[in-house]
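This structure is a prediction, so every number in the text was calculated from the model and none was measured. Each chain gets a letter, A, B and so on, in the order the sequences are listed, and its residues count up from 1.
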Amino acid sequence: MSARSGGNPGHTLPTDALTRRNLLLRAGGGALALSGAASILAACGGGGSSDGGSSATSSGASGGQGKGIGGIPIASKQHPVKLPIYDANQAIKSGLDPEAGPLTVFDWGDYVSPEVLKSFEKKYGVEAKLTTYADFQESLGKISSGAIKADVWVPVVERIPQLVAAKLIQPLNHDYVPNFANVIPAMANPYYDQGSQYTMPNYIWTTGILWRGDLLPDLDPQSESNPWDVFWTTQGIKGKLGLQNAEAFDPLSLGLLRNGVTDFPNTTKAQVDEATAKLKELTANGAKFQYTGFQPIANGTQVIAQAWNGDAFVAPGYLKKGTPASAIRYWFPDDGVGAVNSDFWSIPKTAKNPVLGHLFINHLLQEQTAIENFKVVGYQQPLKGLTAERFKELELGDPDLLDAVVVTETDADKGLPNPTPSKDQLTWYEDAFASLTSGAS
Amino acid sequence: MSRRSFYPLPYLLTTSGPGLAWIALFVVLGVYSLFAISLGTPDPILLTPTPAWSPLDWSFANFRDVISGLNPSGGIFWEVFRRSFVYIVLAAAGCVLIGYPVAYYVAMYAKRSKALLLVLLILPFLVSYMLRMLAWVGLLSPDGYVNEALSRLHLVSQPQDWLGGRPSTVVLALIYGWVPYFILPLYAALERLDRRYLEASADLGAGRVRTFIFTTLPLSVPGILAGLVLIALPMFGDYYTNQLVSGAATTSMIGNTINTYIASTQQRAIGAALASTLLIFLIAVLAYYVRTTARAARAVVR
């Protein structure tokens, strides 16, 4: 799951791969030492999902060749998908008055600026309550079991077919969201939801190479014929390199790119095996797996890491005093051919305040709130006019770093999202991931 | 329940009631949930792990995956299991070597300083395990105090990368983290040891060393085993120590693999099956311990 917890590292206890959920669960140390206990807690949240499943099955959604797990075709940039609209799950009518609230926002931890919630409350005179999760599966369990009746929710792109087939999210009425016009063209009609029937973009981010310019002065991926190869060719990084593991596909994407494979949706077993073999050279060289790379890079325990642009944006704030911000370097290909992912806002079927939910999404899709979010969260909304130049005008960071981290329209257009895997691919990815993270030879 | 019942109702409702309810709710139900999830099939649409509460619905697919993963030739879990076993044996041995003399001294020789020493032994329990470990992360970091001290003493020429995925760091951290849990039960056992045996041994002409080897040590075996069980079982589930002081794939332990399945994959039920398998393995170890100590107790009485 794209557990982008620590999306706002500035407000997160930075403990590498330990998400706060894990920290809380394991704070008992010995008492919960058998990690099985955690799986019980985690899995209990998802226990009540069978209702949602059976209702979708009865609506005729069935799996099959070329179909995704939810019975809906697998979406990719080459094969955009128009999601089905079911009779039993229609968008709200136009022209309704906003409900009295309070609005329940169900979001990743530290993934929206408190100021944005406050300005919404002020504008509409309702209370906006934030409930957070650190893990998509956790949020899915709570939504599908009805434990939480949220008005807006940020799931992950790869799981949209399941959310639609199980009627967990409702179609959106664009009449309430005039600010949708601010979304950049590349994201206004996304491949995963043609016509944006169920989703509105939240953040977009790149996964690139984050390194310490002061500790690796000779490193310059841009000048290499195969920039991704620097993880394999750079000397003196043993035990000081990081790989991303928010999802099983994350480290794999680096191996695939290194091997010149860019058709992520159609990977073959051989390509996955070759990428895995290549990545095992990195784990043998002491590569560590982590959700976010900003902290180990900032404190120097790592000198190079596969990381999000958001990691690069916040990393200078974690450098030791006296180290210049320019020590943080980030590279992502100019042509946009690298991992670019995004997430989205949706309105759960069970929302009690769907009109307010629409208005909240509308509130988010404007430059002012996007800048507020960027400052606090470190991630960027795909809105027109939010360019590196604009952020430099606002003096939001080191100009060179802003050039490197800001997602361009080219990135959004040409970028390679983590694919929605077929059942076979899912097994390959997760087996590869398990053997990589367990250091199997 | 009749009055003749083995466990009279008044007791069940009063003294042992809360404890039994607690165990039923949080241990029995918890462990059953773990097995139900391991034996369930995922929801077809949402892929969420769906527990199979009724034995009629059990599917052993996840356990088959785990068992084949534990195959020494090419199974994806074998290497990590073998590594965990080796680390834990080394860490447990380290705990015995460090912990036994401490417990022995405090129980046998400490006099006026005993109260102070006991307080010092209990002190680590007052600080969260995680915090104690995080403190070491700071100390061992490339620009931390350990490297600074070593370079000032000219013992190292450049900062050592202690946290860069060294197996030795992981084993030492495990020893550091768990040794207090080993010392206390061993101390209690040594303290309770009937000194008349030691006197008898001396009376029969055995010197200090012979008395220790042939009397004290055998008598303290139950204490050692109790300490070992107390530290070895949680070490099998421990993954945060490893995550904090190494994090490298080459040092990851079975707990890390379970966590990986729970946190980062869509196959959480495999994580549950792995945890269940580990639980069965540890119950077997525990059963062996219970049998051995029962036998040892009988031997002492005889």
Neighbour count above 12 (heavy atom, 6.0 Å) for [X] [atom1]:
| X | atom1 | value |
| --- | --- | --- |
| B:F85 | CZ | no |
| B:F125 | CZ | yes |
| B:W136 | CH2 | no |

Any sub-3.5 Å donor-acceptor pair from B:R268's side-chain atoms to A:Q137's backbone N or O? no

Are the side chain of A:K288 and the backbone N or O of B:A249 linked by a donor-acceptor pair below 3.5 Å? no

Find the distance between [atom1] ([X]) and [atom2] ([Y]) and round it off to the nearest 0.5 Å.
| X | Y | atom1 | atom2 | answer |
| --- | --- | --- | --- | --- |
| A:T301 | B:W162 | OG1 | CH2 | 16.0 Å |
| A:D431 | B:I76 | CG | CD1 | 4.5 Å |
| A:S438 | B:W78 | OG | CH2 | 13.0 Å |
| A:F433 | B:T257 | CZ | OG1 | 10.0 Å |
| A:K280 | B:T250 | NZ | OG1 | 13.0 Å |

Using every non-hydrogen atom in the two residues, find where A:E430 and B:Y261 come nearest and quote the distance to one decimal. O-OH, 4.3 Å

Taking all heavy atoms of A:G286 and all of B:A248, pick out the closest pair and write down the distance. O-CB, 4.1 Å

Contact class of B:R83 relative to chain A, heavy atoms under 4.5 angstrom: side chain

Does any backbone or side-chain atom of B:S276 lie under 4.5 Å from a heavy atom of chain A? Answer side chain, backbone, both or neither. neither

Residue part contacting chain B, namely of A:K238, when any heavy atom lies under 4.5 Å: backbone

